[in-house]
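Remarks on the structure that follows.
Throughout, a chain's letter reflects where its sequence line sits, starting with A, and its residues are numbered from 1. Just so it is clear, the model here is predicted, and its values are computed rather than measured.
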Number of protein chains: 2
Amino acid sequence: MSLRHALLGLLSEGPASGYDLLKLFDNSLANVWPATQSQLYGELGRLADAGLITVQSEGARGRKEYAVTDAGRAELRHWMLEVKPTWIQRYDMLLRVFFFGQISTDDAIAYLREQQRTGAEAVDHLTEVGQMIADYDDDFTVYGRVALEWGLRFNRLHQEWAEWAIQEVKAHDRSSSADPCKPSDEHGA
Amino acid sequence: MSLRHALLGLLSEGPASGYDLLKLFDNSLANVWPATQSQLYGELGRLADAGLITVQSEGARGRKEYAVTDAGRAELRHWMLEVKPTWIQRYDMLLRVFFFGQISTDDAIAYLREQQRTGAEAVDHLTEVGQMIADYDDDFTVYGRVALEWGLRFNRLHQEWAEWAIQEVKAHDRSSSADPCKPSDEHGA
DNA sequence: AGTAGACCTTCCAATCCTGACATGTCAACG
DNA sequence: CGTTGACATGTCAGGATTGGAAGGTCTACT
């Protein structure tokens, strides 16, 4: 349930509308904690009900501005310093690697090479983004650089790990002709 | 919807019961694609309905053994080689780092150091596990080593990134006495 | 016999998340 | 005046995920 704290964090730098927050999520938090509009507006309502933020409408309908309350700030601080961090990762590619025994070594290596290639593209793209930030946006220090650096390092991890996996697959293949690693000796009835 | 393919992958190495599969998830896939009992049995039912696996009951009630069909194997192969990989990552700690402006530099650095410490513990633990695998389990090459290596590299990434973040926070702090990066100048009505 | 513990399946409530569809304001342009 | 596009919110269906409760078998030990 950290969407709640993400919102509190963004709001504690100043009031904002749901729309503003959505853009912040898409731009800054996209690779850290993705969220959709539906989630966001829903959670804003719940935060307001809980008294962690206040709502101020500008006119009968249209833009609403949310601001964090003292209770909200306290909750944020508590979460930041005292709640144990959690993480989930669900990564298709790792899952596939587990089942490489089911396909040929060549296919497996081709797959990993392709992943390296797209990973390299991602690194290039992030590097360009970083250059743009460095050139044009003096304000964008903490958010931008932190997210960017994480993204770069994460992508490089992928590539290096893929290289390692390729070597591993090759080594496994060399021995596999004389290595009966339980291919399928006792199934089927 | 990759739980489906994870199950197909595990089953393509031989038939198994839901219980067996659950243990494989908890042991082998825990950090790659976590799944609970409820999800697992539900998906097994759906896979059987779709004709991708067969069910064979041993007696009226109790253990059921699932085996992958040719259609299931085809589906697995298709997914492995032709479906574009996806990944989601939701990581509390990164989110917190975004909001370090809300707490003191000392608190922030203490937090990151603590994360480094627990990260180091995780690396130690994984290294021990790796040693055990190397010592006792000659079979456990592909699964164990691939997952282990990923875990190790991922944890080291955390630690190195935290070190980088500490430097970043310190640098930001040094300038912050003369740098009003919108701390909270216009909120509160 | 009793009971503890591993084995095994089923079901459910609640929440989270995704991807839409629907609605409406407002400024700019032709 | 019509239309395009950015701004802005609300809502809903459906699938994914979590965390449990409940019930049944079988073996081994006391």
- Query: With a non-hydrogen cut-off below 4.0 angstrom, is B:Arg4 in contact with a base, only sugar-phosphate, or nothing?
  - Reply: nothing

- Message: Looking only at the side chains, is there a donor atom on one of B:Arg113 and B:Gln116 sitting less than 3.5 Å from an acceptor on the other?
- Response: yes

- Item | Integer-rounded Å distance: C:dT9 P and B:Glu43 CD | 16 Å

- Would you say a side-chain N or O of A:Tyr41 is under 4.0 Å from OP1 or OP2 of D:dT9? yes

- Message: Please determine whether any donor N or O and acceptor N or O are separated by less than 3.5 Å between the side chain of A:Ser38 and the base of C:dG19.
- Response: yes

- Message: Please enumerate all residues that pass side chain to side chain donor-acceptor pair (under 3.5 Å) together with A:Ser17, with sequence neighbours excluded.
- Response: A:Asp20, A:Arg63

- A:Leu22 CG to D:dT9 C1', in whole Å, measures 11 Å

- Residue set satisfying salt bridge (Lys or Arg N to Asp or Glu O under 4.0 Å) with B:Asp26, at least two apart, ordered chain then number -> none

- Message: Output the rounded distance in Å from CG (A:Leu7) to P (D:dT9).
- Response: 13 Å

- Side-chain N,O (A:Lys64) to OP1/OP2 (D:dG10) below 4.0 Å: yes

- Query: With nearest nucleotides of DNA chain C determined for A:Gln37 and A:Trp33 from heavy-atom distances, which residue corresponds to the more 5′ nucleotide?
  - Reply: A:Trp33

- Have a look at A:Ser17 and say if it touches a base, only the backbone sugar-phosphate, or nothing, with a 4.0 Å heavy-atom cut-off. sugar-phosphate

- Message: My understanding is that only one of B:Trp161, B:Tyr91, B:Phe154 makes a ring-ring contact (aromatic ring centres under 6.0 Å, His included) with A:Phe154; could you say which?
- Response: B:Phe154

- Message: Check the phosphate of D:dC26 against B:Arg63, side-chain N and O only, distance under 4.0 Å to OP1 or OP2. Yes or no?
- Response: no

- Write down the distance between CD (A:Gln56) and C1' (D:dT9), rounded to a whole number of angstrom. 17 Å

- Take atom OH of B:Tyr66 and atom P of C:dC8, then tell me their distance rounded to the nearest Å. 12 Å

- Message: Rounded to whole Å, please give me the gap between CZ in B:Phe25 and P in D:dG19.
- Response: 16 Å

- Task: Verify the contact: side-chain N or O of A:Gln39 to OP1 or OP2 of C:dC17, cut-off strictly under 4.0 Å; return yes or no.
- Result: yes

